[in-house]
Protein chains: 2
Amino acid sequence: MKPVFHPDIEDVAPADVFGALADPIRLGILVALSDLNDVDRARCSHFTAFASPSLLSYHFAKLREAGITRMRVEGTSRYLSIRREELNQRFPGLIDSVIETARRDPNLPRLGPEWLSGGEQAQGQTSSR
Amino acid sequence: MKPVFHPDIEDVAPADVFGALADPIRLGILVALSDLNDVDRARCSHFTAFASPSLLSYHFAKLREAGITRMRVEGTSRYLSIRREELNQRFPGLIDSVIETARRDPNLPRLGPEWLSGGEQAQGQTSSR
DNA sequence: TTCGAAATTCAATGATCGTTGAATTAAGCC
DNA sequence: GGCTTAATTCAACGATCATTGAATTTCGAA
């Protein structure tokens, strides 16, 4: 499997980053990734409530191409995470205040509690559905 | 003169702010406003090196409508400033890390030194031009 | 009252954006 | 092999974007 393109963090311009943040769905994804205590627990399919699969693919690509997220391929699944260390090295403090700002926005799409809590339980459907 | 529309800061969404920041010219304007020690010393015409007058008008409007800048009308001139207190109240810490991030970008348009230093001298042309 | 400077408005352009839905790829499993 | 699931790709759409250049508004000063 071809392992997805990620830009070198030094090639990312501030305007590109802000462009990628200029959308409620993408801000929702970013907050959700942050809520997942980060690394590699977020499969793309966790976000089906946010938008259709093809639209999600589009938004994932935007975030990735702007240097904000990393995507790890494993089988037919993809795992997302925020490129925290690199972002903090290149734009110190920025990503945290962005996430903090987005987290306070009540109009962003949010992850259901079934994905949040610990992350260790079996991931079958929850009662109501 | 009709005194220009400014959105209530509470009506500004994070995604709107990031949208307004997703452009090098606007980031350049923002950094320049910040460099001008803020309040009300920045006339629109200070930015003629950044773009054509009509394009500048367009970018000024974007920043203003996103709640980032304030525009004070005085005669035929307009004075720009950053809505710092309001932004900090609504999105604590955000605008400072945005400006700090933008300030480090070497590719943004910048103000010539004739506008910067003290701001008290006569504003005639500088030697070379 | 005419002139000039400051800035905006307007119409037009090509580019990019967000969204849809259908088709496609790729891997794991019976 | 043939399903099923995960996710992407592609073509299309209308909307918004950045940019241009010409016309317009507004005010102050000669």
Side-chain angles (χ1 to χ4, degrees), chain A residues 1-6 13 15-30 40-66 69-81 107-109 115 123-125, chain B residues 1-6 13 15-30 40-66 69-81 107-109 115 123-125:
Chain A
M1 232 295 88
K2 68 168 94 159
V4 196
F5 169 74
H6 295 86
D16 299 335
V17 174
F18 295 128
L21 298 172
D23 180 281
I25 295 185
R26 293 197 290 265
L27 287 181
I29 293 169
L30 188 63
D40 279 334
R41 301 212 293 97
R43 211 167 43 267
C44 285
S45 61
H46 290 194
F47 298 93
T48 46
F50 287 25
S52 72
S54 80
L55 185 51
L56 278 181
S57 262
Y58 169 76
H59 286 304
F60 291 148
K62 284 266 154 186
L63 286 169
R64 179 170 45 77
E65 287 161 10
T69 57
R70 173 172 291 102
M71 185 175 257
R72 178 172 60 85
V73 178
E74 191 175 308
T76 73
S77 293
R78 275 113 173 119
Y79 293 87
L80 281 294
S81 59
N107 292 342
L108 302 184
W115 300 118
Q123 56 219 43
Q125 308 284 40
Chain B
M1 234 294 87
K2 69 170 91 160
V4 198
F5 169 74
H6 294 86
D16 299 335
V17 174
F18 295 128
L21 299 172
D23 180 281
I25 296 186
R26 293 196 291 266
L27 287 181
I29 293 170
L30 188 63
D40 279 334
R41 302 212 293 97
R43 210 167 44 267
C44 285
S45 60
H46 290 194
F47 298 93
T48 45
F50 287 25
S52 72
S54 79
L55 185 52
L56 279 181
S57 263
Y58 169 75
H59 286 304
F60 291 148
K62 284 266 153 185
L63 286 169
R64 179 169 46 76
E65 287 161 10
T69 57
R70 172 172 293 103
M71 185 176 257
R72 178 172 59 84
V73 179
E74 190 175 309
T76 73
S77 293
R78 274 114 173 118
Y79 292 87
L80 283 292
S81 59
N107 293 342
L108 301 184
W115 300 121
Q123 57 220 43
Q125 308 284 40

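No experiment lies behind these values; they were computed from the predicted model shown. Here is how names work: the chains are called A, B, and so on, in the same order as the sequence lines, proteins then strands, and each is numbered from 1.
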- Report yes if at least one side-chain N or O of T76(A) is closer than 4.0 Å to OP1 or OP2 of dT25(C); otherwise report no. no

- Task: With the side chain of M71(A) defined as its heavy atoms from C-beta on, choose the nearest nucleotide among dA6(D), dT8(C), dT8(D).
- Result: dT8(D)

- Mind calculating the distance between CG (L27(B)) and C1' (dA18(D)) to the nearest angstrom? 14 Å

- Side-chain N or O of S54(A) closer than 4.0 Å to phosphate OP1/OP2 of dT9(D): no

- Item | H46(B) NE2 to dA5(C) P, straight-line distance once rounded to whole Å | 16 Å

- Euclidean distance, atom CZ of residue R78(B) to atom C1' of dG28(D) [Å, nearest integer]: 14 Å

- Task: Mind checking the CZ-OG1 spacing from R43(A) to T48(A)? Nearest 0.5 Å is all I need.
- Result: 10.0 Å

- Item | pair L55(B)-I25(B): side-chain heavy atoms closer than 4.5 Å | yes

- Query: At under 4.0 Å between heavy atoms, what does S57(A) touch on the DNA or RNA strands: base, sugar-phosphate, or nothing?
  - Reply: base

- Rounded to whole Å, the CG-P distance (L63(A) to dA7(D)) equals 15 Å

- Message: Measuring from the side chain of L55(B) (C-beta onward, heavy atoms only), which nucleotide among dG18(C), dA18(D), dA6(D) has the closest atom?
- Response: dA18(D)

- Query: Whole-Å distance between dA7(C) C1' and R64(B) CZ?
  - Reply: 12 Å

- Item | Side chain to side chain, R64(A) and V4(A), heavy atoms closer than 4.5 Å | yes

- Which nucleotide sits closest to the side chain of F60(B): dT20(C), dA26(C), dT8(C)? dT8(C)

- Query: Using a cut-off of 4.0 Å on non-hydrogen atoms, how would the nucleic acid contact of L56(B) be classed: base, sugar-phosphate, or nothing?
  - Reply: nothing

- Look at R26(B) and dA18(D) and indicate whether a side-chain polar atom (N or O) is within less than 4.0 Å of OP1 or OP2. yes

- Item | Nucleotide nearest K62(A) (side chain, heavy atoms from C-beta), chosen from dA22(D), dG18(C), dA26(C) | dG18(C)

- Hey, which of these two, S52(A) or E74(A), hits DNA chain C nearer its 5' end, going by closest nucleotide? S52(A)

- Message: Tell me the interatomic distance from F50(A), atom CZ, to dA7(D), atom P, rounded to whole angstroms.
- Response: 14 Å

- Query: Does dC17(D) have OP1 or OP2 sitting under 4.0 Å from an N or O in the side chain of H59(B)?
  - Reply: no

- Whole angstrom value for the distance that separates P of dA5(C) from CZ of F47(B): 21 Å

- Which nucleotide in the list dC17(D), dT19(C), dG21(C) gets nearest to the side chain of Y58(A)? dT19(C)

- Task: On the 0 to 90° scale, with breaks at 30° and 60°, tag the F18(A)-F18(B) ring pair as parallel, tilted or perpendicular.
- Result: parallel

- Item | Note, H6(A) side chain near R70(A) side chain (heavy atom, < 4.5 Å) | yes

- Distance, rounded to the nearest Å, where L80(B) contributes CG and dA7(C) contributes C1': 12 Å

